[in-house]
Amino acid sequence: MFNSLTGTITGKFPNTVYIDTHGIEWSISVPGSAFDALPPVGQTGKVYTYLVHTQDLMSLYGFASNEERQLFLDLLKVDGIGPKAAVKILSNIAGQQLVDALDKGDVAVLEKVPGVGKKTAAKMMLALKGKLTLNGDDTVVVHRSAAGAYDAVITSLASMGYDRRDCEQTVADISLQLAKDTGWDKKKPTEKEDAVFRRALVELAQ
């Protein structure tokens, strides 16, 4: 599946961007943050994409950066948040504000976001608290650096049919958790990989 589209921006609307790639004009749903970041009509732009395919329709969602798309994907992991709701959330709260609210456990801030009620805010807190951070240019980066030492584990899990992004996030979370265990540093690399793989397999299978 395609990762991004690069072409001429032919239309920009509050929630939609049109982009022409060699004679094919794509209609892409975007959050407000992407709308502001993408070039004006007539200029060349790059849109990072995510395709949602259901029994009834196919919808293409677009983002100004890979990091923004990853935040969208992480929001989809929250029970009750679908693609449209995730785009609405990203359109109504800045990335830094979202991360700060999650880190501080400030449910009140999340509840003020259109489309996010008390129950959804609580679910967001449970699923994402402490798992997101922002780098200097205000783009979202999910804590995956811890997964770097387990590329072989991630590749093995992905080869079993699991989404690679899910594998990366799961392995990162597990490796950070296990690193806190007494005696973890004394384990051999192969022992660590085996432990991470087994636990990740259980979590991904749920």
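The residues of the chain are indexed from 1 along the displayed sequence.
- Cluster membership for L51 and V30, using ILVMFWY side-chain heavy atoms within less than 4.5 angstrom, is shared.
- By the 4.5 Å heavy-atom criterion applied to side chains, L128 and L98 are not counted as neighbours.
- The shortest heavy-atom contact between P31 and G62 is CD-O, 3.4 Å.
- Note on I24: it clusters hydrophobically with L5, by side-chain heavy-atom contacts below 4.5 Å among ILVMFWY residues.
- Taken to the nearest 0.5 Å, the CG atom of D20 stands 10.0 Å off from the OG1 atom of T44.
- Criterion: ILVMFWY side-chain heavy atoms under 4.5 Å apart, direct or through other members. Under it, W184 and I174 are part of a common hydrophobic cluster.
- Counting all heavy atoms, side chain and backbone alike, C167 lies closest to L157 at SG-CB, 3.6 Å.
- Taken to the nearest 0.5 Å, the CD1 atom of I19 stands 6.5 Å off from the OG1 atom of T6.
- The main-chain N or O of T49 is found under 3.5 Å from a side-chain atom of R69 such that the two form a donor-acceptor pair.
- One distance of note links CZ of R199 with CG of L204; it measures 12.0 Å at 0.5 Å rounding.
- A heavy-atom distance below 4.5 Å is found between the side chains of E193 and V153.
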Under 3.5 Å, which donor-acceptor pairs link side chains of residues 80-93 to any protein atom two or more places apart or in another chain?
from : atom 1 : to  : atom 2 : distance (Å)
S91  : OG     : G32 : N      : 2.8
S91  : OG     : V87 : O      : 2.9
N92  : ND2    : K88 : O      : 2.7

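- Y18 belongs to a hydrophobic cluster with F13, counting contacts under 4.5 Å between side-chain heavy atoms of Ile, Leu, Val, Met, Phe, Trp and Tyr, direct or through other members.
- Side chains of E25 and T10: a donor-acceptor N/O pair is present below 3.5 angstrom, by distance only.
- A distance of 11.5 Å separates CG of L178 from CG of D185, quoted to the nearest 0.5 Å.
- L60 and M58 fall within a single hydrophobic cluster, where Ile, Leu, Val, Met, Phe, Trp and Tyr side chains are chained together by heavy-atom contacts under 4.5 Å.
- Placement of W26 and Y48 in two distinct hydrophobic clusters is found when ILVMFWY residues are connected by side-chain heavy-atom separations under 4.5 Å, directly or transitively.
- The shortest side-chain heavy-atom distance between Y50 and L76 falls under the 4.5 Å cut-off.
- At least one side-chain heavy atom of T16 sits less than 4.5 Å from a side-chain heavy atom of S27.
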Identify each donor-acceptor pair in which a side-chain atom of residues 109-125 lies under 3.5 Å from a protein atom, sequence neighbours left out, and give them as a table.
from : atom 1 : to  : atom 2 : distance (Å)
K123 : NZ     : D79 : OD2    : 3.4

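- E191 places a side-chain N or O within donor-acceptor distance of the main-chain N or O of K188, the cut-off being under 3.5 Å.
- Using a 4.5 Å heavy-atom cutoff, the side chains of V47 and L38 are in contact.
- Atom CD1 of I9 sits about 13.0 Å away from atom NZ of K46, to the nearest 0.5 Å.
- Using a 4.5 Å cut-off on side-chain heavy atoms (C-beta onward), L201 and M160 make contact.
- Among all heavy-atom pairs drawn from K192 and K187, the shortest one is CE-O, 3.6 Å.
- At least one side-chain heavy atom of K77 sits under 4.5 Å from a side-chain heavy atom of D74.
- L73 contributes atom CG, which lies 12.0 Å from atom OH of Y61 (distance to the nearest 0.5 angstrom).
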